[in-house]
Amino acid sequence: MTEPLRVLQVSAELFPLLKTGGLADVAGALPAALAAAGCEVRALLPGFPAIMAGVQQAEAVGQFTLPWGETVQVLAATLPASAARPGLRLYVLHAPGLYDRPGNPYEDAQRQPYADNHRRFAALGWGAAHLARGLDAAWQPQLVHGHDWHAGLAHACLRFSPGPRVPSVFTVHNLAYQGVFDAMRFADVGLPQEAWQVDGVEFYGQLSFMKAGLVYADRITTVSPTYAHEIQTPEQGFGLDGLLRARRDVLSGILNGVDETVWNPASDGLIVRHYDAAHRTGKARCKAALQEEAGLAVRRDAPLFAVVSRLTEQKGLNLVLDGIDTIVRGGGQLLVLGSGDHEIERAFAHAAQSRPGCVALRLGYDEAFAHRIFSGSDFTLVPSRFEPCGLTQMYGLLYGSVPLVRAVGGLADTVVDADLATLADHTATGIVFADFTDAAFRHAVRRALALYAQPRAWAQVQQTGMQQNLSWTQAAQRYRAVYDAALVAAA
Ligand code: ADP
Ligand code: GLC
């Protein structure tokens, strides 16, 4: 038997320790999925309070000094195995001066990015490079896999630190967040002057962590095939489309999977009743319990539309706000769980106040409630402006909460619009609309209401979605192939 490939995964979040979005779900699920593809993955994380709290049995394996003189201890710990998943070895950067702050890992209480974020995530990059160079004598990775801009600098640190070449793969989860800093921060992060160039980390006179990943990684991936194309266009390239086009031969789109040890209505410990595609009566109980819990009228016949989302511009929620009338006039209900932009929060709060029993809002972040929402709702709304992959539409599919999505990024790759042809050949799994306009969204809602009103077609679409194979198996094999290509490129 061949030895597994040792991979160091680098990310700012990892479920179940710390999660603000889909990145954490992916970082939490990939290591186990990759084990089946012949990889031994360990994860490197910043020592944010939630992460430190989750690794109390950690031991120190070494330390290193940052370019500005601060010392970081590298701890190793094991995330305990559960019935469903094996234990995961973690490295955590213990640097309280950088990470020991309450609340959101990236922003202060006023929702402003921390002024020293370049240092906080340069430390993550250097941590990865030191581990790749043998900081832990007991385990040295053969490849580094960084996720999003937080890990972007790792690829530059690796390239510019002395020692044999260690290949790396960089995954873009969202090109909209780039980690761009004032040029004067460049001196701080400890890269040689030659990195400050157009073919390096310089981005229109500023320092870009995202660019460090895109330039210095041997292979680039993003989280859906459609998004891999979209980011090569000026409309969705956020200024990096030229670079992405230049590197298109090493760029691939690998669709995320769903961690079925966490998201499966037949075994989910957080929902009221279990059910599956063949036995869906439990879902009706979940719906009644959800309506009651959310303060909505408990009505079995009222189609319940749900949003579980960060409330940001990306997610296209102004379309939902405009569409509330159409939902309510059609006899439907709307439930929103989310937090984010104050303006969007206020608009939904106003809608909920003016339509009690029909529209409900829960502000904040609540993992267990999210599970109950997918289990109890009839439709999951994801009308995003752009969506690299999107996980909630996939959770919706598996939980029989039929996704209503805009045809963009990973949403376009995962949901098949219900029309006469796709209903006839049993491939329909949701409602898909194209234009980012109120009219197009309202029309999609009307189509959803019409589908719901036809019990046989409705049951068919719901059931087809629940039967989709969204497991990580295929994606893990694709990542393995990308790793192998990176190893060859760096040899
Ligand atoms: P993004 O990463 O852009 O936020 P995704 O759809 O990939 O979008 O992933 C979002 C993840 O965060 C999903 O697991 C979703 O259930 C979860 N989520 C988003 N908002 C909330 C919330 N307010 N409470 C609980 N879970 C949430
Ligand atoms: C990002 C994207 C989202 C994707 C997630 C996980 O946060 O916004 O579309 O599903 O990363 O890859």
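What's counted below: heavy atoms across the whole structure, side chains too, no hydrogens, waters or symmetry copies. From a predicted model like this one, the values you see are computed outputs, not experimental measurements. Read the numbers this way: they start at 1 and go in the same order the structure lists the ligands and their atoms.
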Proximal atoms of ligand 2 relative to Pro388 (non-hydrogen, under 4.0 Å): 2 (C), 8 (O), 9 (O)
Numbering the atoms of ligand 2 from 1, which are under 4.0 Å from a heavy atom of Asn256? 6 (C), 10 (O), 12 (O)
Got more than 12 heavy atoms from elsewhere within 6.0 Å of [atom1], [X]?
X: Gln474; atom1: CD; answer: no
X: Arg285; atom1: CZ; answer: no
X: Glu367; atom1: CD; answer: yes
X: His443; atom1: NE2; answer: no

Are [X] and [Y] close enough for a salt bridge, meaning some N to O gap below 4.0 Å?
X: Lys315; Y: Glu387; result: yes
X: Asp341; Y: Arg346; result: no
X: Arg219; Y: Asp484; result: no

I want to confirm something. Looking only at heavy atoms, which of Asp25, Leu391, Leu23 is nearest to atom 14 (O) of ligand 1? Asp25
Which of the listed options, Gln393, His147, Glu387, holds the heavy atom that is closest to atom 3 (C) of ligand 2? Glu387
How far is [atom] from the closest protein heavy atom, and which atom is that?
atom: atom 21 (C) of ligand 1; value: Tyr365 CE1, 3.5 Å
atom: atom 15 (C) of ligand 1; value: Thr392 CG2, 3.6 Å
atom: atom 4 (O) of ligand 1; value: Arg310 NE, 2.7 Å
atom: atom 2 (O) of ligand 1; value: Gly22 N, 2.7 Å
atom: atom 23 (N) of ligand 1; value: Gly364 O, 2.8 Å
atom: atom 8 (O) of ligand 1; value: Lys315 NZ, 3.1 Å
atom: atom 12 (O) of ligand 2; value: His173 ND1, 2.6 Å
atom: atom 16 (O) of ligand 1; value: Val308 CG1, 3.7 Å
atom: atom 24 (N) of ligand 1; value: Asp366 N, 3.0 Å

Under a 4.0 Å heavy-atom limit, does Leu23 contact ligand 2 with its side chain, its backbone, both, or neither? backbone
Select one of side chain, backbone, both or neither to describe which atoms of Asp148 lie under 4.0 Å from any atom of ligand 2, heavy atoms only. neither
Regarding Arg362 and the six-membered ring of Phe369, is the cationic atom NZ or CZ under 6.0 Å from the ring centre and inside 45° of its axis? yes
Looking only at side chains, do Ser384 and Gln314 share a donor and an acceptor under 3.5 Å apart? no
Tell me yes or no: between the side chains of Ser224 and Thr226, is some donor less than 3.5 Å from an acceptor? no
Decide whether the shortest distance between a heavy atom of [X] and an atom of ligand 1 is less than 4.0 Å.
X: Arg362; value: no
X: Lys19; value: yes
X: Tyr395; value: yes
X: Gly338; value: yes

I'd like to check which ligand 1 atoms, numbered from 1 as shown, lie under 4.0 Å from a non-hydrogen atom of Gly390. 6 (O), 7 (O)
Take Tyr479 and His145 through the ring-ring contact (aromatic ring centres under 6.0 Å, His included) test and state the conclusion after the steps. CA-CA 10 Å; Tyr479 277 112; His145 184 175; 5.4 Å; yes
Does an N or O from Val223, backbone or side chain, lie closer than 3.5 Å to an N or O of ligand 2? no
N or O contact, Lys315 vs ligand 2, cut-off under 3.5 Å: no
List the residues meeting side-chain hydrogen bond (donor to acceptor under 3.5 Å, both in side chains) with Trp458, not counting sequence neighbours, and say none if there are none. none
Applying a heavy-atom cut-off of 4.0 Å, say which part of Pro388 lies close to ligand 1: side chain, backbone, both or neither. neither
Side chain or backbone of His173 under 4.0 Å from ligand 1, or both, or neither, by non-hydrogen atoms? neither
What about Asn174: any of its N or O atoms under 3.5 Å from an N or O on ligand 1? no
Given side chain to side chain donor-acceptor pair (under 3.5 Å), test Arg42 with Tyr91 step by step and report yes or no. CA-CA 7 Å; Arg42 296 191 178 187; Tyr91 293 104; 2.9 Å; yes
Consider ligand 2: state whether an atom of it lies below 4.0 angstrom from any non-hydrogen atom of Gly390. yes
Mind checking whether Leu14 and Leu79 have side chains closer than 4.5 Å, heavy atoms only? yes
For Tyr275, ring-ring contact (aromatic ring centres under 6.0 Å, His included) partners two or more places apart: none
